[in-house]
Amino acid sequence: MNMEKKDTRWLTSVALMMAIVILLANTPLGMIQLPIIKATTVHIPVIIGAIILGPAAGAILGATFGVCSLISNTMAPTLLSFAFSPFMSMSGIPGAIKALWISVGCRVMIGVVSGWFWILLKKLNVHGVLALPITGFIGSMTNTVFVMGSIYLLLASDYAAVKSVAVDAVWGLVMGTVLASGIPEAIAAAIIVAVVGEAMLVGLKRQLATRKGCKQGKQKVF
């Protein structure tokens, strides 16, 4: 019964975080439109969810983010939408499969890496004041590195075509995106995860303490 209640609470919490991801993904705060690419803050609740609920929850939240990205790039395409939507593929089925990996698979990795990295830091007894922003930074960079790295490795020729440059120039463009967009996003994620994550962890500890006190009280009564 206790395990059933725990699973129910976990599923409810995951569903709530999924709702937040979907909400952000469908507002200007979640997907900020830039001339070439859409900068995102949707990865932040994925990272926080992975910290609070574990890597499995992080993977689910990352997949939710990925599906939202896929839909967004299909309904409101940009020059790089071919890398995020299988329906915008420039190279048929192989390109569609690559787009699915970039839009969904890479986003799943945000939750997986963030969740396990948090577990590692806690095992190393790293204080939450440091562990939270570090995990936020790593989780955000996971998104940037996996997405841009996959574009470079899987779709370099297509990327070069839409940018009207030689394939040899793609690496420089990818690194430019990482520095101009990825680093600021990671810094922002570190700050937000530190603040919001700390508040949620404190609230979770208080909730657990209250439940423990109630159980002990019931045992004394009986």
Side-chain angles (χ1 to χ4, degrees), residues 7 10-27 29-32 37-75 80-81 83-86 96-122 131-155 177-178 181-194 196-197 200-201:
D7 291 342
W10 186 86
L11 289 172
T12 302
S13 299
V14 172
L16 178 60
M17 295 299 293
M18 287 176 64
I20 294 174
V21 170
I22 293 171
L23 178 64
L24 279 178
N26 289 279
T27 63
L29 292 176
M31 292 283 188
I32 302 173
I37 195 171
K38 294 177 180 178
T40 180
T41 59
V42 189
H43 59 292
I44 293 175
V46 176
I47 298 168
I48 293 174
I51 291 172
I52 302 297
L53 302 171
I60 294 172
L61 296 172
T64 303
F65 169 24
V67 171
C68 289
S69 175
L70 188 157
I71 294 173
S72 175
N73 280 278
T74 301
M75 302 302 294
L80 280 184
S81 287
F84 299 94
S85 170
I97 295 174
K98 294 172 184 178
L100 278 174
W101 160 251
I102 294 171
S103 62
V104 180
C106 290
R107 272 54 187 273
V108 169
M109 295 306 299
I110 301 172
V112 174
V113 172
S114 298
W116 283 111
F117 194 78
W118 172 257
I119 291 172
L120 173 63
L121 291 179
K122 298 313 292 181
L132 283 169
I134 292 174
T135 303
F137 187 91
I138 294 298
S140 181
M141 287 305 297
T142 297
N143 178 47
T144 301
V145 171
F146 267 84
V147 169
M148 296 309 299
S150 295
I151 289 175
Y152 175 71
L153 293 174
L154 302 177
L155 297 171
T177 301
V178 172
S181 178
I183 298 298
E185 283 183 0
I187 294 173
I191 296 171
I192 296 173
V193 169
V196 177
M200 293 185 70
L201 287 173

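In what follows, residues are counted from 1 in the order of the sequence shown. Everything numeric here is computed off the predicted structure, so don't read it as measured data.
- Distance check, rounded to the nearest 0.5 Å: CD1 of Ile20 to CG of Leu23 gives 8.0 Å.
- Applying the ring pair (Phe, Tyr, Trp, His ring centres under 6.0 Å) test to every pair with at least one member in residues 135-155, sequence neighbours left out, gives these pairs: Tyr152-Trp171.
- In terms of the side-chain contact (heavy atoms from CB on, under 4.5 Å) criterion, residue partners of Ile191 (sequence neighbours excluded) are, by chain and number, Ile187.
- Rounded to the nearest 0.5 Å, atoms CD1 (Ile51) and CE (Met200) are 9.5 Å apart.
- Looking at heavy atoms from C-beta onward, Asn73 lies out of side-chain contact with Ser103 at the 4.5 angstrom threshold.
- Checked against side-chain contact (heavy atoms from CB on, under 4.5 Å), Thr74 has the following partners two or more places apart in sequence or in another chain: Leu70, Ser85, Phe87.
- Listed by chain and residue number, nothing satisfies the side-chain hydrogen bond (donor to acceptor under 3.5 Å, both in side chains) test with Thr144 (two or more places apart in sequence, or in another chain).
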Test log, rule side chain to side chain contact (heavy atoms under 4.5 Å, CB included), inputs Val14 and Trp10: CA-CA 6 Å; Val14 172; Trp10 186 86; 3.8 Å; yes
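- Residues Leu155 and Ile102 meet the side-chain proximity criterion, which asks for heavy atoms closer than 4.5 Å.
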Thr41 vs Ile192, side chain to side chain contact (heavy atoms under 4.5 Å, CB included): CA-CA, chis, key distance, verdict: CA-CA 10 Å; Thr41 59; Ile192 296 173; over 6 Å; no
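- Closest approach of Val112 to Ala59, counting heavy atoms only: CG2-CB, 3.9 Å.
- Here CD1 of Ile138 is found 8.0 Å from CE of Met141. Values are rounded to the nearest 0.5 Å.
- For the atom pair CD1 of Ile48 and CG of Leu61, the computed distance is 10.5 Å after rounding to the nearest 0.5 Å.
- Residue Phe65 holds its CZ atom at 9.5 Å from CD1 of Ile47, rounded to the nearest 0.5 Å.
- Shortest non-hydrogen contact noted between Cys106 and Ser150 is SG-OG, 3.5 Å.
- Between the CG atom in Leu53 and the CG atom in Leu16 there is a gap of 9.5 Å [rounded to 0.5 Å].
- Here Ile22 pairs with Asn26, Thr64, Cys68 under the side-chain contact (heavy atoms from CB on, under 4.5 Å) rule; sequence neighbours left out.
- Note on residues 133-142: pairs passing side chain to side chain donor-acceptor pair (under 3.5 Å), not counting sequence neighbours, are His43-Ser140.
- Counting heavy-atom neighbours within 6.0 Å of Trp116 CH2, excluding the residue itself, gives a total of 12 or less.
- Nearest heavy atom pair, residue Ala57 against residue Gly49, reads CB-O, 4.4 Å.
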Stepwise, does the side chain to side chain contact (heavy atoms under 4.5 Å, CB included) test hold for Ile151 with Met148? CA-CA 5 Å; Ile151 289 175; Met148 296 309 299; 4.1 Å; yes
Start with the C-alpha distance between Arg107 and Ile110, add both sets of side-chain angles, then the distance that settles side chain to side chain contact (heavy atoms under 4.5 Å, CB included), and finish with yes or no. CA-CA 5 Å; Arg107 272 54 187 273; Ile110 301 172; 4.1 Å; yes
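- The two residues Ser114 and Ala50 have their closest heavy-atom pair at CB-CB, 4.0 Å.
- Contact between Gly58 and Val46 at its shortest, heavy atoms only, is O-CG1, 3.7 Å.
- Under the rule for a side-chain contact (heavy atoms from CB on, under 4.5 Å), the partners of Leu201 that lie at least two apart in sequence or sit in another chain are Ile52, Trp118, Leu132.
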